[in-house]
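One-based numbering along the sequence shown.
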Amino acid sequence: MKRDNINALNAPQPRGGYSQAVSIEDFRRVLFVSGQIPVMSDDVVPEGFEAQARQVWLNVDAQLKAAGMSKTDIVKVTTYLADRQHVMENREIRNDYLGSLAPAMTVVITGIFDSAWLLEVEVVAAQ
């Protein structure tokens, strides 16, 4: 698969580990991962934003692995945050997970389905 991260010079430059656009060509598969919530396999919701965010990324990782993929296949991330106060902490934890990867990204501040959840993350991956 050919993958290009695109950041137009005459547009705002990304801050915090993402690309303004990602182009993929010659791919075999595309995987759409539904919004992953901060719930462990035993239905426990961790306390606090950091624990919830790390759990969400563990859940994303589990879905990718179940499909025979990994985080290196992620081309788009959409994060839904329950509160703007978590923006910077979310960025740090997301960057911990993604490392040098820079997928296209959107962060939305919104109400979340369950008031106990502080975030939800969906991804698109391609191989």
Side-chain angles (χ1 to χ4, degrees):
M1 175 182 81
K2 182 180 180 216
R3 172 185 179 145
D4 291 314
N5 293 4
I6 301 165
N7 295 302
L9 295 177
N10 60 344
Q13 294 304 298
R15 296 180 209 154
Y18 69 95
S19 295
Q20 292 288 13
V22 175
S23 172
I24 57 173
E25 297 177 33
D26 303 322
F27 56 91
R28 298 177 290 120
R29 300 173 59 206
V30 175
L31 176 70
F32 296 88
V33 179
S34 294
Q36 296 299 293
I37 57 176
V39 177
M40 298 185 287
S41 60
D42 59 1
D43 285 333
V44 171
V45 176
E47 289 292 322
F49 185 82
E50 180 178 359
Q52 286 196 20
R54 294 196 186 282
Q55 184 61 51
V56 162
W57 286 109
L58 287 172
N59 294 345
V60 166
D61 209 47
Q63 299 303 330
L64 292 168
K65 286 179 182 171
M69 293 183 163
S70 72
K71 67 183 177 182
T72 60
D73 297 313
I74 295 173
V75 295
K76 173 73 168 94
V77 174
T78 303
T79 302
Y80 302 94
L81 293 177
D83 193 310
R84 185 178 309 278
Q85 73 177 348
H86 301 299
V87 168
M88 295 311 291
E89 190 173 13
N90 175 66
R91 180 185 292 177
E92 291 171 16
I93 294 165
R94 182 190 65 228
N95 288 347
D96 262 1
Y97 174 76
L98 292 174
S100 64
L101 302 173
M105 190 153 327
T106 301
V107 177
V108 180
I109 311 301
T110 186
I112 305 276
F113 180 79
D114 186 315
S115 62
W117 306 341
L118 300 175
L119 76 162
E120 185 172 341
V121 173
E122 63 184 24
V123 302
V124 177
Q127 289 181 324

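Judged by distance alone, with hydrogens and angles left aside, the side-chain atoms of Gln52 form a donor-acceptor pair with the main-chain N or O of Pro46 at under 3.5 Å. Glu89 places no side-chain N or O within donor-acceptor distance of the main-chain N or O of Val87, the cut-off being under 3.5 Å. Here the side chain of Gln127 pairs a donor or acceptor atom with the backbone of Gly68 at under 3.5 angstrom. A donor-acceptor pair under 3.5 Å links the side-chain atoms of Arg29 to the main chain of Ala67, judged by distance alone. A donor-acceptor pair under 3.5 Å is formed between the side chain of Asp73 and the backbone N or O of Ser70.
The shortest side-chain heavy-atom distance between Asp96 and Arg54 falls under the 4.5 Å cut-off. At a threshold of 4.5 Å between non-hydrogen side-chain atoms, the residues Asn90 and Thr79 count as touching. By the 4.5 Å heavy-atom criterion applied to side chains, Arg28 and Met1 are not counted as neighbours. A heavy-atom distance below 4.5 Å is found between the side chains of Leu58 and Gln55. For the pair Val124 and Val30, the minimum side-chain heavy-atom distance is below 4.5 Å. Residues Phe49 and Leu81 form a side-chain contact, since some pair of their non-hydrogen atoms from C-beta on lies under 4.5 Å apart. Contact of the Val121 side chain with the Val77 side chain is registered, since non-hydrogen atoms from C-beta on lie closer than 4.5 Å.
In this structure, NE2 in His86 is found 12.0 Å from CZ in Arg84, a value given to the nearest 0.5 Å.
Residues Leu31 and Met105 share a hydrophobic cluster, clusters being chains of Ile/Leu/Val/Met/Phe/Trp/Tyr side chains in contact below 4.5 Å. Note on Met88: it clusters hydrophobically with Leu118, by side-chain heavy-atom contacts below 4.5 Å among ILVMFWY residues. Grouping the Ile, Leu, Val, Met, Phe, Trp and Tyr side chains by contacts below 4.5 angstrom, directly or via other members, places Val108 with Phe113. Under a hydrophobic clustering in which Ile, Leu, Val, Met, Phe, Trp and Tyr are joined whenever their side-chain heavy atoms come within less than 4.5 Å, directly or via other members, Ile37 and Phe32 fall into different clusters. Residues Val60 and Leu119 fall within the same hydrophobic cluster, defined by Ile, Leu, Val, Met, Phe, Trp and Tyr side chains chained together at heavy-atom separations under 4.5 Å.
Counting all heavy atoms, side chain and backbone alike, Leu98 lies closest to Ile74 at CD2-CD1, 4.1 Å. Minimum interatomic distance between Thr72 and Arg3 (heavy atoms only, all atoms of both residues): O-NH1, 3.1 Å. Residues Val22 and Ala104 share a closest heavy-atom pair of CG2-N, 3.3 Å. When all heavy atoms are compared, the tightest approach of Leu101 to Lys71 is CD1-O, 3.3 Å. The two residues Ala116 and Val45 come nearest to each other via the heavy atoms O-CG1, 3.9 Å. Nearest heavy-atom pair across Thr106 and Lys76 is OG1-NZ, 2.9 Å.
Side-chain contact check for Lys2 and Ser23: no donor-acceptor pair (N or O, by modelled atom type) lies under 3.5 Å. No side-chain N or O of Gln63 forms a donor-acceptor pair with one of Asn59 less than 3.5 Å apart.
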Please evaluate residues Val56 and Trp117 with respect to the criterion side chain to side chain contact (heavy atoms under 4.5 Å, CB included), reporting the C-alpha separation (whole Å), side-chain torsions for both, the decisive distance (0.1 Å), and the verdict.
CA-CA 10 Å; Val56 162; Trp117 306 341; over 6 Å; no

Pair Ile93, Trp57 - check side chain to side chain contact (heavy atoms under 4.5 Å, CB included), show working.
CA-CA 9 Å; Ile93 294 165; Trp57 286 109; 4.2 Å; yes

After noting the C-alpha distance and the side-chain angles of Glu122 and Tyr80, does the key distance pass the side chain to side chain contact (heavy atoms under 4.5 Å, CB included) rule?
CA-CA 9 Å; Glu122 63 184 24; Tyr80 302 94; 3.5 Å; yes

